[in-house]
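Please read all numbers here as calculations on a predicted model, not as lab measurements. The figures that follow rest on heavy atoms only: side chains count, while hydrogens, waters and symmetry mates do not. One-based numbering, in listed order, for ligands and for the atoms of each.
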Amino acid sequence: MAKDLYEVLGVSKNATEDEIKKAFRRRARELHPDVNKAADAEDQFKELNEAYDVLSDPGKRAQYDRFGTVPGAAGGGSPYGGGYVDFEDLFGGGFGMGDIFSSFFGGGGARQAQRREGRDMGVGLRVTLEEVAAGAKKEIVYDRLAPCPDCDGTGLGPDGREVTCPECGGQGRVVTVQHTFLGDMQSATTCKKCGGTGRSVENPCPECEGQGRVPDRQRVTVEVPVGIRDSQQLRLSGFGEAGLQGAAPGDLIVTVRVQPHEFFERDGDSLHARANVSIVQATLGAEIEIDGIFEDEKVQVRIPEGCQNEQVVRVKGHGMPKFRSDARGDLFVHVNVVVPKKVTKKQRELLEQLAADMGEDVPDERTPLQKLRDAFQ
Ligand SMILES: [Zn+2]
Ligand SMILES: [Zn+2]
């Protein structure tokens, strides 16, 4: 981290959270690639985002103040910290700071009538199988257009008021007439001044430029319900994009992504695991102990006499906890019979006796050196 993060934002070291937020928005407006055509505007915009990522998080900021650096910050790719949040716009296309700002700036390209209600937003949330078994609280950090704190989302500045748009007379559309050799052609376009709403704001709030919403980094804690399935979605009402000038906000839709586990494979409420048993345990039967999905959980597995390799032993009630229930699925233990790669002299003798008893011919295929070694064991 070469540059001083406070300098990047243009604030003093003891700036309040609010000052940092405002400085970020002000700089972001100046540097946004849609507005600023300087060659390095995009790099500066990224740098600004990284600085804001650190300074807007009290934990990271404290660490930066003490050590002058934050592990995994600048250059780490994701500006969202922690690395556990996947951004994906469920309604097509990616979602990032750039998109937030383009809707803040009213978007580029073809102008459509601006919708007043905030859009739903989608994020992915990665959780481990252990977290699904025990339930967990996870923090999601994401960027959204949030209600402007300065005007409480109204978009009105001091002495501000909403009036009929003078450009379109409240129609939201402007009709233009083109003279062509085929005659006059009329076409209606969305009013640029009011974005099709037919209303405009006199003395708009300077912080949000009359929109009633500003780009902001949001932190929200979600409760991951016990037993939730991969791809299941949680809807956080009102946590999506804020509406224009106080209109209804959208929802945040969290898609749960359960990560594959090292030992367990999940199939609905069932868990599958592998366990090694020796040839003796497989032959005579045994009681073995394996780790369960809960922390410190030990599961006793009864290996039946004459158990075959790949045989599956079912342990009732030790699978995944079921969704919205106290019950648990079953655990299926796939037995892996392990043949010893090496035996001691004593074990060899016992096995040879066993072979003789079973009428099996076992020629000694040891090299002279191995025989000599075994003899000295
Ligand atoms: Zn208008
Ligand atoms: Zn405002």
Side-chain angles (χ1 to χ4, degrees), residues 9-11 15-32 34-35 45 48-49 52 55-56 97-119 121 142-178 185-220 238-250 252:
L9 276 170
V11 293
T16 64
E17 257 175 66
D18 199 48
E19 283 166 347
I20 287 174
K21 222 172 238 185
K22 287 193 171 165
F24 168 68
R25 281 185 210 129
R26 196 168 50 238
R27 289 289 291 147
R29 270 191 216 120
E30 292 163 13
L31 289 173
H32 191 270
D34 283 359
V35 182
F45 187 66
L48 177 72
N49 250 309
Y52 182 61
L55 299 186
S56 64
M97 242 6 214
D99 295 317
I100 284 192
F101 275 95
S102 37
S103 51
F104 186 58
F105 286 105
R111 286 189 73 113
Q112 293 175 340
Q114 206 171 358
R115 58 176 287 165
R116 299 185 62 82
E117 299 79 35
R119 287 175 301 184
M121 292 173 67
Y142 66 108
D143 293 320
R144 72 159 179 165
L145 287 172
C148 173
D150 284 22
C151 62
D152 285 330
T154 61
L156 304 177
D159 305 320
R161 64 196 182 99
E162 208 177 275
V163 294
T164 302
C165 173
E167 193 74 19
C168 62
Q171 296 299 304
R173 291 150 73 79
V174 186
V175 177
T176 51
V177 180
Q178 269 185 313
M185 304 255 291
Q186 265 196 3
S187 62
T189 52
T190 304
C191 172
K192 281 196 169 67
K193 186 169 170 66
C194 63
T197 62
R199 317 280 298 160
S200 85
V201 170
E202 245 179 37
N203 299 324
C205 162
E207 184 61 18
C208 62
E209 294 171 345
Q211 290 214 17
R213 56 188 185 182
V214 286
D216 199 8
R217 190 149 295 172
Q218 192 84 38
R219 286 164 199 280
V220 58
F239 280 92
E241 186 184 81
L244 203 59
Q245 290 151 2
L252 180 68

(Q) Consider salt bridge (Lys or Arg N to Asp or Glu O under 4.0 Å). Of Arg144, Arg116, Arg213, which one does Glu241 pass it with? (A) Arg213
Q. Do any protein N, O or S atoms sit under 2.8 Å from the Zn ion (ligand 2), and which ones are they?
A. Cys148 SG, Cys151 SG, Cys205 SG, Cys208 SG
Q) At the Zn ion (ligand 1), what is the angle formed between atom SG of Cys194 and atom SG of Cys165, rounded to the nearest 10°? A)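 It is 110°, given to the nearest 10°.
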**Q.** Angle subtended at the Zn ion (ligand 1) by SG of Cys191 and SG of Cys168, nearest 10°
**A.**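 Between SG of Cys191 and SG of Cys168, the angle at the Zn ion (ligand 1) is about 110°.
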Q) Does atom CZ of Arg173 have more than 12 heavy-atom neighbours from other groups under 6.0 Å away? A) no
What I'd like to find out is whether the side chain of [X] reaches to under 4.5 Å of the side chain of [Y], using heavy atoms alone.
X: Gln245; Y: Arg199; value: no
X: Tyr52; Y: Lys21; value: yes
X: Lys22; Y: Thr16; value: no

Q. Are the charged groups of Arg25 and Glu207 less than 4.0 angstrom apart, N to O?
A.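 A salt bridge links Arg25 with Glu207.
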Q. Counting only N and O atoms by type, is there a donor-acceptor contact under 3.5 Å from the side chain of Gln211 to the main-chain atoms of Cys208?
A. no
